[in-house]
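Worksheet for the structure shown next.
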Protein chains: 2
Amino acid sequence: MKRPTIADIARRAGVSKGAVSYALNGRPGVSEETRARIHAIAQEIGWRPNLAARLLSGAGAGAIGLVVCRPARFLGVEPFFMELISGIEGELAARSYALMLQVAAGHEDEIAVYRRWWGEGRVDGVILVDLHTNDPRVPVMEKLGMPAVVIGHPSAAGSLPAVWSDEAAAMREVLEHLAALGHRRVARVAGPAALAHTAIRDAAFVESLAALGLEEAPAAHTDHTGEQGARATRRLLSSRSRPTAIVYDNDVTALAGLSVAQEMGLRVPAGLSVVAWDDSPLCQVVRPPLTTTARDIPASGARAAQLLLRMAAGEQVTGVEDAAARLRPRGSTAPPP
Amino acid sequence: MKRPTIADIARRAGVSKGAVSYALNGRPGVSEETRARIHAIAQEIGWRPNLAARLLSGAGAGAIGLVVCRPARFLGVEPFFMELISGIEGELAARSYALMLQVAAGHEDEIAVYRRWWGEGRVDGVILVDLHTNDPRVPVMEKLGMPAVVIGHPSAAGSLPAVWSDEAAAMREVLEHLAALGHRRVARVAGPAALAHTAIRDAAFVESLAALGLEEAPAAHTDHTGEQGARATRRLLSSRSRPTAIVYDNDVTALAGLSVAQEMGLRVPAGLSVVAWDDSPLCQVVRPPLTTTARDIPASGARAAQLLLRMAAGEQVTGVEDAAARLRPRGSTAPPP
DNA sequence: GAGTTTCACTGAACCGGATCAGCGGGACCG
DNA sequence: CGGTCCCGCTGATCCGGTTCAGTGAAACTC
């Protein structure tokens with residue numbers, strides 16, 4: 001029942017613990033013959049290195065952490081995280097690294113989790129997501145000297161390496177698409193204003209409107225939930241200067257907006273064009289299928305994990321820019337009425 | 001930069017390592033005065049117990065594991081996991097336990113992960129989800145002696161404790177609702193036939209149809225994705241004996257089905273009633289909002305985590321039955337045309 | 001053939017806590 | 001006033017790996 005240790009292997013093989021350690025770690029100092037014998041015995045008795053012992057002797061934790069800081073209720077609908085996680089996992093699994101996941105209620109809790117993980121030696125580093133402008137997590141990571149990679153624009157990442165894509169370019173592409181269709185009055189239903197990427201898209205939206213000669217329009221900020229997406233859409237569509245197209249910041253709000261429009265008797269895309277953000281199967285499942293921007297989220301996750309592992313290994317790393325999201329035109333955009 | 005150890009505290013306090021250990025763990029053997037002094041020093045220099053050292057001295061890993069075995073692409077849309085995870089987390093966070101997450105490609109990979117985790121002492125136990133009938137994971141857990149809790153019906157859980165809800169009752173309630181509305185021809189778009197809960201719902205579906213005097217109908221099995229949901233729906237709606245209501249096994253297939261129906265010119269609920277399974281924000285966002293069964297998934301996760309922790313502590317535990325899912329009637333069900 | 005190098009391996013220290021036997025000293029008892 | 005008990009603490013050992021200095025023997029060198 002007790003788990004076998006290298007001492008058991010050493011006894012069986014008639015050698016010392018040290019020799020077993022060398023043999024199993026592929027280091028020089030043992031003959032090929034002995035090495036093979038030790039490997040055979042290890043295999044036979046089902047030996048696995050005890051993580052704690054290895055850790056104690058200075059090895060890394062063999063795990064990285066991800067803290068998700070959103071209300072649970074909303075988490076579920078957001079495909080982003082699961083896609084990100086599956087991308088991260090792909091990179092980790094190959095090296096037998098593990099992923100620690102924790103859901104936190106706010107930035108303070110999140111920081112407390114990092115401190116604990118780091119203090120206990122439970123993780124070798126963490127991936128930060130959903131950065132705010134002036135995010136308090138960044139200086140904490142820098143001060144702790146804890147390896148961390150940011151998924152998001154470098155402008156919010158301080159000295160931490162970032163994995164990002166050009167959101168401004170994607171926004172420009174969306175508006176060019178709408179302008180080409182003939183839209184002049186385009187509205188935007190955005191995510192939380194505090195998020196760094198919301199601010200970036202806000203700016204790009206305003207800038208691109210101007211560049212394309214479209215009417216000025218403010219962004220309506222939401223918490224990314226269907227309810228607020230619906231409410232914002234209702235307000236926009238009831239206003240005097242009703243937009244002919246709305247650009248949403250995620251798929252859930254876009255879906256909610258689509259429903260509201262249809263409920264108000266507006267046909268999509270004939271009466272209103274809708275653009276979602278970050279393609280997900282949801283966008284293809286509804287009628288009409290939603291025009292969205294699409295990018296490879298798992299790839300970003302994989303890249304971030306890769307950087308983090310190199311960083312944890314002591315390497316000096318710099319951020320990388322992923323391909324920008326591309327517009328994926330579907331049935332929800334058409335010329336204005 | 002180096003993390004402080006109890007030896008550092010001992011030196012500062014002018015006592016031995018042993019005394020510090022006693023003091024910090026609230027065990028007798030030190031005076032209250034010394035204890036307070038040691039605590040103050042620990043606080044001051046930011047000491048945290050090193051996980052590895054504690055582990056090596058026989059303590060638990062302070063973590064539990066969850067392996068998710070579904071294709072990544074689909075994972076994202078399924079709110080189930082994130083809800084489950086947030087429930088588990090709630091229970092863990094209070095005790096400073098951590099959650100290890102891994103995405104696996106199949107049962108063999110999944111079992112390999114369990115073996116590794118257990119062999120390395122990385123987790124104190126695991127939660128199993130998506131049980132198949134005759135699931136290979138169950139005997140492995142039993143043989144390893146690894147604490148494990150199943151989320152699903154006990155009939156598939158072998159000797160492992162299960163957290164389950166009465167799916168048959170929920171199915172009955174759904175069909176009673178449809179029968180009461182006047183439906184006689186009800187179809188079912190199910191999940192993968194290999195899943196234990198699919199089989200249970202299949203049986204309950206057939207049984208309840210008979211009990212209510214509705215027409216016999218087979219279940220169309222899918223892989224839970226929108227595509228297959230759409231295809232199954234299209235086939236059903238094109239058949240000679242077109243059903244007046246369809247019961248889906250999850251929200252994504254229901255959503256896809258809804259779109260297909262609308263595309264084929266069928267009004268929902270006037271021309272076709274649609275029932276989804278496991279309520280999620282998605283169901284409320286679309287038009288019409290979907291009638292679904294709803295249950296408290298985070299609560300199940302929390303309960304499973306609770307059981308697992310007790311089990312890992314050596315307690316003998318038995319499974320618990322959660323409240324059955326309740327029907328939540330919304331706009332997608334109405335009397336048949 | 002003596003000296004040097006290389007090889008294969010041993011023994012012990014080490015990581016950071018937990019735990020236990022033991023010890024000095026004060027309090028209490030008879 | 002001597003004996004016993006308990007409190008508060010020390011010092012050592014243990015957990016299971018890693019690592020390093022050292023060792024004995026064989027191989028090589030001149």
Side-chain angles (χ1 to χ4, degrees), chain A residues 1-39 41-42 45-63 96 116-124 313, chain B residues 1-39 41-42 45-62 96 116-122 124 313:
Chain A
M1 203 76 240
K2 211 174 109 289
R3 295 198 264 256
T5 72
I6 56 166
D8 298 325
I9 300 177
R11 204 175 319 116
R12 283 224 199 190
V15 296
S16 68
K17 272 174 44 171
V20 174
S21 179
Y22 289 139
L24 293 173
N25 290 299
R27 317 172 104 267
V30 278
S31 65
E32 280 314 312
E33 191 202 325
T34 308
R35 189 187 299 279
R37 202 168 81 247
I38 288 174
H39 267 117
I41 295 174
I45 65 178
W47 176 85
R48 306 253 174 180
N50 178 302
L51 185 76
R54 196 164 260 185
L55 219 78
L56 200 49
S57 307
S96 290
R116 188 157 56 74
W117 280 354
W118 187 238
E120 292 178 346
R122 207 185 262 281
V123 298
D124 295 322
Chain B
M1 206 73 241
K2 211 174 109 292
R3 297 197 263 257
T5 73
I6 55 166
D8 298 325
I9 300 179
R11 205 175 317 114
R12 282 224 199 190
V15 297
S16 69
K17 271 175 44 173
V20 173
S21 179
Y22 289 139
L24 293 172
N25 289 299
R27 318 177 101 267
V30 278
S31 65
E32 280 313 311
E33 192 202 324
T34 309
R35 190 186 299 278
R37 202 169 79 248
I38 289 174
H39 267 117
I41 295 174
I45 65 177
W47 176 84
R48 305 256 174 179
N50 178 301
L51 186 75
R54 198 164 256 187
L55 219 77
L56 201 48
S57 307
S96 290
R116 188 156 55 75
W117 279 354
W118 187 237
E120 291 179 346
R122 207 185 261 281
D124 295 322

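Numbers restart at 1 for each chain; the letters A, B, ... are given by sequence-line order, proteins then strands.
The OG1 atom of A:T5 lies 7.5 Å from the CD1 atom of A:I45; values are rounded to the nearest 0.5 Å.
Within residues 14-21 of chain A, the residues having any heavy atom closer than 4.0 Å to DNA chain D are, in order of number, A:K17, A:G18, A:S21. Near-neighbour residues of DNA chain D inside residues 46-61 of chain B, defined by a heavy atom below 4.0 Å, number-ordered: B:L56, B:S57. DNA chain C is contacted by B:R27 of residues 26-39 of chain B, taking any non-hydrogen atom closer than 4.0 Å.
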Below 3.5 Å is the cut-off: list the nitrogen or oxygen pairs between protein and nucleotides 25-27 of chain D, distance only.
none

All N/O pairs under 3.5 Å across the protein-nucleotides 4-7 of chain D interface:
none

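The C1' atoms of five pairs define one axis at each end of the helix from C:dG1-D:dC30 to C:dG30-D:dC1, and these two axes lie 50° apart (to 10°).
With sequence neighbours left out, B:R12 forms a salt bridge (Lys or Arg N to Asp or Glu O under 4.0 Å) with B:E44. For B:R116, the salt bridge (Lys or Arg N to Asp or Glu O under 4.0 Å) criterion is met by no residue, not counting sequence neighbours. With sequence neighbours left out, the side chain to side chain donor-acceptor pair (under 3.5 Å) criterion links B:D124 to no other residue.
From the 5' end on, the contacts that DNA chain C makes with chain A at under 4.0 Å to a non-hydrogen atom open and close at C:dA8 to C:dG16.
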Acceptor/donor pairs from residues 47-63 of chain A side chains to any protein atom, 3.5 angstrom cut, sequence neighbours excluded:
unit_1	atom_1	unit_2	atom_2	d
A:N50	OD1	A:A52	N	2.7
A:N50	OD1	A:A53	N	3.0
A:R54	NH2	A:N25	OD1	3.4
A:S57	OG	A:A53	O	3.0

Would you mind writing out the side-chain donor-acceptor pairs for residues 26-33 of chain B within the sub-3.5 Å range, not counting sequence neighbours?
unit_1	atom_1	unit_2	atom_2	d
B:S31	OG	B:T34	N	3.2
B:S31	OG	B:T34	OG1	2.7
B:E32	OE2	B:R35	NE	3.4

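With a 4.5 Å cut-off on side-chain heavy atoms, A:L24 and A:I9 count as touching.
Atom-to-atom, CZ of A:R3 to P of D:dG17 comes out at 10 Å; the value is rounded to the nearest Å.
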